[in-house]
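Heads up, the thing below is written out as structure tokens.
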Amino acid sequence: YKNVRKVYMRLVRVFLIIIALVLSMACHAQTVSLGQLTNTKWKLTKPVFSYCDKTMSFTSTEMTNTSSSHYVKRGETKETKRFFSNSYPFYLATAIPTTFNQSLVGKSNSGTYIIKYVGKRVVPFKILSVSSGQLKLSTPQGDVLIYDKVY
């Protein structure tokens, strides 16, 4: 009887810890308004890539990602530079949708997720925090990206 009770108490503790973690993850999102993102540009500061500068900018309907890389190829002394820019439709949502709703682009005024449409896929970014100078996002894989506002 004592062993059964110990196992039961352990299971209850584990269950309570899991519930607490799930609730804390759900609470960490911050609601952002479309106006806070429209006509802004953000530079990725964490994680840091010494060979690459990444930015993200917003209009009311598009999210543009840029990447400017610079590196030296093996056996060469000349630096190689590359620049990429990709724009995607996006909208703000309070939950992750299963399909991209084109009718919400430019019309959804607030949300806790940035919903981006890339190659027929929904790519959600959870908004962890936003301030006048910093934007913190969580990727679908759980990585945290920190952007500083470019003035």
Side-chain angles (χ1 to χ4, degrees), residues 10-74 76 78-151:
R10 283 185 190 156
L11 287 173
V12 168
R13 280 189 215 143
V14 169
F15 178 74
L16 290 174
I17 289 170
I18 290 171
I19 293 294
L21 287 172
V22 168
L23 289 175
S24 70
M25 288 190 311
C27 296
H28 283 301
Q30 181 178 342
T31 300
V32 67
S33 71
L34 187 58
Q36 286 176 281
L37 295 178
T38 301
N39 299 322
T40 61
K41 184 174 181 179
W42 307 84
K43 181 179 188 222
L44 183 66
T45 56
K46 287 186 184 167
V48 174
F49 300 102
S50 60
Y51 59 90
C52 188
D53 295 319
K54 294 181 180 243
T55 66
M56 180 171 48
S57 59
F58 295 90
T59 67
S60 62
T61 59
E62 282 189 334
M63 176 180 183
T64 301
N65 297 104
T66 66
S67 176
S68 178
S69 60
H70 44 88
Y71 54 91
V72 177
K73 292 181 182 177
R74 263 190 211 156
E76 295 184 14
K78 185 179 176 187
E79 185 176 64
T80 299
K81 294 183 180 184
R82 298 224 167 142
F83 178 80
F84 299 99
S85 179
N86 297 301
S87 295
Y88 307 98
F90 86 98
Y91 61 88
L92 299 174
T94 56
I96 300 171
T98 54
T99 59
F100 190 81
N101 187 342
Q102 186 68 37
S103 68
L104 294 176
V105 173
K107 296 185 178 106
S108 177
N109 290 323
S110 66
T112 52
Y113 290 91
I114 296 171
I115 308 300
K116 179 165 92 167
Y117 192 58
V118 181
K120 298 182 182 180
R121 288 184 317 135
V122 172
V123 182
F125 290 90
K126 182 191 277 186
I127 303 163
L128 300 177
S129 66
V130 65
S131 67
S132 60
Q134 191 176 75
L135 176 63
K136 193 182 291 189
L137 304 175
S138 177
T139 67
Q141 297 77 25
D143 298 322
V144 174
L145 305 175
I146 300 175
Y147 290 86
D148 285 346
K149 193 169 189 179
V150 177
Y151 294 97

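A quick note: this is a predicted structure, and the numbers were derived from the prediction, not measured.
When all heavy atoms of Q36 and T40 are compared, the pair lying nearest together is O-CG2, 3.4 Å. H70 and S50 make their closest contact through CE1-O, 3.1 Å (heavy atoms, listed as atom of the first residue, atom of the second, distance). The shortest heavy-atom contact between M56 and L137 is CE-CD1, 3.7 Å. Pairing each heavy atom of I115 with each of P97, the nearest pair is CD1-CD, 3.5 Å. Taking each heavy atom of K120 and Y117 in turn, the nearest pair found is CA-OH, 3.2 Å. Nearest heavy atoms, L44 versus Y147: N-CD2, 3.4 Å.
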Enumerate, atom names and distances included, each donor-acceptor pair closer than 3.5 Å involving a side-chain atom of residues 62-69, sequence neighbours excluded.
unit_1, atom_1, unit_2, atom_2, d
T64, OG1, S87, OG, 2.8
N65, OD1, K116, NZ, 3.1
T66, OG1, T55, OG1, 2.2

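Listed for the Q134 side chain is no donor-acceptor partner under 3.5 Å among the backbone atoms of S131. The backbone N or O of G106 lies less than 3.5 Å from no partner atom in the side chain of S60, so there is not a single donor-acceptor pair.
Within a 6.0 Å radius of NZ in K149, other residues, nucleotides and ligands contribute more than 12 heavy atoms.
Note that the OG1 atom of T61 and the CG atom of L104 stand 13.0 Å from one another [nearest 0.5 Å]. For the atom pair CG (D148) and CD1 (I146), the distance works out to 8.0 Å, reported to the nearest 0.5 Å. To the nearest 0.5 Å, atom CG of residue L145 and atom CZ of residue F125 are 7.0 Å apart. Note that the NZ atom of K136 and the NZ atom of K126 stand 13.0 Å from one another [nearest 0.5 Å]. Summarising the geometry, atom OG belonging to S138 is positioned 11.0 Å from atom CD1 belonging to I127; distances are rounded to the nearest 0.5 Å. Taking OH of Y113 as the start and OG of S108 as the end, the distance is 14.0 Å to the nearest 0.5 Å.
Note on ring orientation: taking the six-membered ring where Trp is involved, the planes of Y91 and F100 are tilted (angle from 30° to 60°).
The side-chain heavy atoms of L92 and L37, taken from C-beta on, include a pair separated by under 4.5 Å. Contact of the R82 side chain with the F84 side chain is registered, since non-hydrogen atoms from C-beta on lie closer than 4.5 Å. A heavy-atom distance below 4.5 Å is not found between the side chains of F58 and T38.
Remark: K43 pairs with D53 by the salt bridge (charged side-chain N to carboxylate O under 4.0 Å, His left out) rule, at least two apart or across chains.
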